[in-house]
Amino acid sequence: MTAIADLPLIASGKVREIYDLGDSLLISASDRISTYDVVHPNPIPDKGNVLTGLSTFWFERTTGIVPNHFVSVTDGVPDEVRGCAMVVRKLQMLPVECVVRGYLSGSGWKDYQRTGAVSGIELPPGLRESDRLPEPIFTPSTKAEVGHDEAIDFEGAASLVGDRALAERLRDVSIAVYQHAADHARSRGIILADTKFEFGLDVDGELTLGDEVCTPDSSRFWPADEYEPGRGQPSFDKQFVRDWASSTGWDRNPPAPTIPVDVVARTREKYVEAYERIVGDPFDEWLRRTGAA
Ligand code: Q0Z
């Protein structure tokens with residue numbers, strides 16, 4: 001599922017690849033899965049299809065908030081990646097990760113405990129781990145070539161993009177897209193705790209949403225019915241893999257262990273459930289729409 005015949009590879013991440021189609025790009029989401037930042041040797045079948053279906057859903061619903069790079073999940077998609085790949089417009093990407101947090105988790109929770117603030121934004125005292133924030137906040141980070149992105153404040157983002165007005169639009173549209181997606185997901189029983197967007201400028205210099213949007217790989221998805229602030233929350237999609245990996249005594253250093261078939265099957269079901277809850281259509285319909293099945 002990785003090498004697509006003849007297409008020049010432009011970039012590859014842990015679980016996705018980008019190919020050059022000439023005037024456009026092809027982003028292909030693989031079935032690979034990582035836990036604790038390490039990719040496991042065996043795939044979760046349909047994970048790439050689910051993530052591409054979710055990104056497509058959000059792109060189609062948020063064009064009124066900000067234009068995006070989506071072109072097609074049918075025309076121009078090679079047969080071998082139908083369902084898990086998207087043709088997109090080429091952008092000049094901006095050098096900042098646009099993180100939005102609606103809940104206090106991960107590095108945001110760590111920073112809050114240390115300083116009472118996240119990304120320079122002072123928060124009320126007494127918040128607990130996983131608490132919902134009074135309103136979603138923009139907590140940008142640098143794009144590290146290797147290793148982890150580094151948290152920066154709004155001023156840092158403004159100087160990275162070199163344009164304060166553009167940084168303000170990045171912040172405002174990031175929060176608006178998150179708000180839309182989080183409200184929708186919450187109505188379907190999934191808490192979208194936080195998410196990360198990437199933007200670029202199109203050929204006309206228009207601010208354009210790129211990359212993937214509000215997938216479980218770019219966001220924290222939590223099951224709403226298990227939500228309980230004051231502790232870390234289970235992951236909607238990866239919890240079976242994490243629980244199993246921890247139970248093996250794996251030290252979280254590479255190589256990651258092979259995931260057993262029953263854990264693979266239950267995890268695949270969680271990805272498909274996330275798709276069907278959020279989109280409201282049978283997952284099979286996505287496979288039909290894209291010609292994957
Ligand atoms: C996104 C990334 C991935 C590895 C380049 N529309 C665009 N135009 C130009 N460049 C990009 C995009 Cl989306 C672009 N990335 C991030 C994605 C694998 C890295 F699938 N890199």
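Order of listing sets the numbers, starting from 1, for every ligand and every atom in it.
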To the nearest 0.1 Å, how far is [atom] from its closest protein heavy atom, and which atom is that?
atom	answer
atom 7 (C) of ligand 1	L25 CD1, 3.5 Å
atom 19 (C) of ligand 1	A11 CB, 4.2 Å
atom 16 (C) of ligand 1	D211 OD1, 3.4 Å
atom 4 (C) of ligand 1	G13 N, 3.5 Å

Under-4.0 Å heavy-atom contact with ligand 1, by part of [X] that carries it:
X	answer
L91	both
I10	neither
H69	side chain

Salt-bridge contact [X]-[Y] (side-chain N to carboxylate O under 4.0 Å):
X	Y	result
R289	E60	yes
D183	R186	no
D211	R16	yes
R220	D194	yes
K14	D37	yes

Partners passing side chain to side chain contact (heavy atoms under 4.5 Å, CB included) against P223 (at least two apart in sequence or in another chain): D225, E226, P234, F236
Polar side chain donor-acceptor pair, T258 to H40, under 3.5 angstrom: no
Heavy-atom nearest neighbour of atom 21 (N) of ligand 1 within options V88, N68, I18: I18
Nearest neighbour of atom 10 (N) of ligand 1 from the list K90, Q92, M86, M93, on a heavy-atom basis: M93
Close N or O approach (R89, ligand 1; < 3.5 Å): yes
Heavy-atom gap S12 to ligand 1 smaller than 4.0 Å: yes
Interatomic distance, I44 atom CD1 to L51 atom CG [nearest 0.5 angstrom]: 11.5 Å
I27 neighbourhood, listing ligand 1 atoms whose heavy-atom distance to it stays under 4.0 Å: 13 (Cl), 20 (F)
